[in-house]
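Everything below concerns the one structure shown next.
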Amino acid sequence: MCAAGSNLRQTWTIDLAPTARLVLREEQLLGRTGEPSGQVSTRLTVRRGGRTLLDQEASYGPGTPGWDGPAVLADYRATGQILTVDPAYGTAPPDASLFDLTPDDGHALLAPLAGPATLVTATAPDGHRLRRLLSTAQAVSRRPASTSSTHGEP
């Protein structure tokens with residue numbers, strides 16, 4: 001939770017063996033109900049077998065240009081992601097999928113990454129709906145590619 005006036009800086013650096021599996025779930029709630037957001041900056045770097053699999057940065061809150069505009073979070077105040085690294089994705093990665101349970105619930109995207117991994121990124125109005133979106137997308141990412149087109153609740 002990034003309450004008004006807070007300044008959170010978070011850095012994750014993960015080095016995996018070539019055969020390792022990983023599930024990393026991160027959720028950020030920007031401000032308490034009815035209160036402005038604090039500032040949050042995150043960086044996630046994941047290497048697998050010495051090669052960079054993912055290197056991303058994100059910043060939200062006062063002082064970050066455009067963070068609450070239509071291209072980033074708009075009116076939503078919850079954001080999160082699930083990174084899944086699984087050697088099985090090397091032969092059967094899930095397809096990219098967009099999740100919109102209802103227009104007011106937020107949005108999530110499941111994207112296969114170069115390497116045996118997927119990244120789910122979601123935005124929602126609140127933590128409850130964010131968790132629902134992330135869990136729905138994560139359940140789809142665990143299914144074989146041929147059945148990953150279902151976008152409703154598991």
Side-chain angles (χ1 to χ4, degrees), residues 1-3 8 10-14 16 20-48 52-61 64-154:
M1 162 94 56
C2 291
L8 172 64
Q10 176 175 280
T11 302
W12 299 74
T13 303
I14 301 169
L16 299 171
R21 295 182 61 185
L22 169 74
V23 176
L24 175 68
R25 184 173 179 143
E26 176 187 30
E27 299 177 11
Q28 295 292 338
L29 303 179
L30 305 169
R32 294 181 185 107
T33 302
E35 127 182 322
S37 173
Q39 173 70 34
V40 59
S41 298
T42 68
R43 175 140 192 197
L44 172 60
T45 304
V46 179
R47 289 181 288 271
R48 181 176 174 268
T52 300
L53 181 65
L54 178 67
D55 191 0
Q56 72 173 16
E57 285 186 64
S59 292
Y60 308 104
T64 303
W67 76 276
D68 56 353
V72 184
L73 295 183
D75 293 326
Y76 297 147
R77 292 295 176 259
T79 183
Q81 62 185 10
I82 301 173
L83 172 67
T84 304
V85 179
D86 187 337
Y89 290 161
T91 56
D95 297 325
S97 299
L98 180 62
F99 299 85
D100 298 294
L101 299 178
T102 72
D104 293 331
D105 282 338
H107 309 282
L109 173 69
L110 165 67
L113 300 178
T118 61
L119 182 65
V120 174
T121 304
T123 59
D126 57 50
H128 174 73
R129 288 182 266 197
L130 175 69
R131 281 181 215 101
R132 186 171 157 201
L133 274 168
L134 288 171
S135 294
T136 298
Q138 184 179 30
V140 169
S141 74
R142 291 182 180 151
R143 296 180 191 142
S146 62
T147 63
S148 65
S149 61
T150 303
H151 297 166
E153 292 270 349

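Just the heavy atoms: all of them, side chains too, but no hydrogens, waters or symmetry mates, feed the values below. Bear in mind the structure is a predicted one, so any value in this text is a computation, not a measurement.
Partners of Val23 by side-chain contact (heavy atoms from CB on, under 4.5 Å), not counting sequence neighbours, listed by chain and number: Ile82, Thr84, Gln138. Residues forming a side-chain hydrogen bond (donor to acceptor under 3.5 Å, both in side chains) with Asp55 (at least two apart in sequence, or on another chain): Arg43, Thr45. In terms of the side-chain contact (heavy atoms from CB on, under 4.5 Å) criterion, residue partners of Leu53 (sequence neighbours excluded) are, by chain and number, Val46, Val85, Ala117. Scanning for side-chain hydrogen bond (donor to acceptor under 3.5 Å, both in side chains) contacts around Thr52 gives an empty result, with sequence neighbours left out. With sequence neighbours excluded, the residues that form a side-chain contact (heavy atoms from CB on, under 4.5 Å) with Ala20 are Leu16, Ala17.
A distance of 5.0 Å separates CG of Leu24 from CD1 of Ile14, quoted to the nearest 0.5 Å. One finds the OG1 atom of Thr136 at 11.5 Å from the CG atom of Asp100 (value rounded to the nearest 0.5 Å).
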Handout entry: Stepwise side-chain contact (heavy atoms from CB on, under 4.5 Å) check, Val140 with Phe99
Key = CA-CA 10 Å; Val140 169; Phe99 299 85; 3.8 Å; yes
Exercise for the section: Output, in order, the C-alpha distance, side-chain angles, deciding distance and verdict of side-chain contact (heavy atoms from CB on, under 4.5 Å) for Leu83 and Leu113. Expected result: CA-CA 10 Å; Leu83 172 67; Leu113 300 178; 3.7 Å; yes
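Between Leu22 and Arg48, the closest side-chain pair of non-hydrogen atoms is not below 4.5 Å. Trp67 has its side chain out of reach of Ser59: every pair of non-hydrogen atoms, C-beta onward, lies at least 4.5 Å apart. The shortest side-chain heavy-atom distance between Leu73 and Leu30 falls under the 4.5 Å cut-off. Contact check for Val40 versus Gln10: no side-chain heavy atoms found under the 4.5 Å cut-off.
Among Leu54, Leu109, Leu119, the one residue that satisfies the side-chain contact (heavy atoms from CB on, under 4.5 Å) test with Gln81 is Leu119.
In this structure, the side chain of Ser135 does not engage the main chain of Arg132 through any donor-acceptor pair within 3.5 Å. When atom types are taken as modelled, the side chain of Arg129 and the backbone of Asp104 share a donor-acceptor pair closer than 3.5 angstrom.
Looking at every heavy atom in both residues, Gly61 comes nearest to Ser37 through CA-OG, 4.1 Å. When all heavy atoms of Gly127 and Leu29 are compared, the closest pair comes out as CA-CD2, 3.5 Å. Here the shortest heavy-atom pairing between Gly106 and Pro125 reads N-CD, 4.1 Å. Minimum heavy-atom separation, Ala108 to Ala122: CB-CB, 3.7 Å.
Pairs of residues two or more places apart, or lying in two chains, that qualify as salt bridge (Lys or Arg N to Asp or Glu O under 4.0 Å) and include a residue from residues 71-89 are Arg21-Asp86. Listed by first and then second residue, the side chain to side chain donor-acceptor pair (under 3.5 Å) pairs that reach into residues 111-123 come to none, sequence neighbours excluded. Screening residues 25-34 for salt bridge (Lys or Arg N to Asp or Glu O under 4.0 Å), with sequence neighbours left out, gives Arg25-Glu27, Glu27-Arg131, Arg32-Glu35.
Using cut-offs of 30° and 60° on the angle between ring planes, the pair His107 and Tyr76 is tilted.
Under 3.5 Å, the side chains of Glu57 and Ser41 contain no donor-acceptor pair of N or O atoms.
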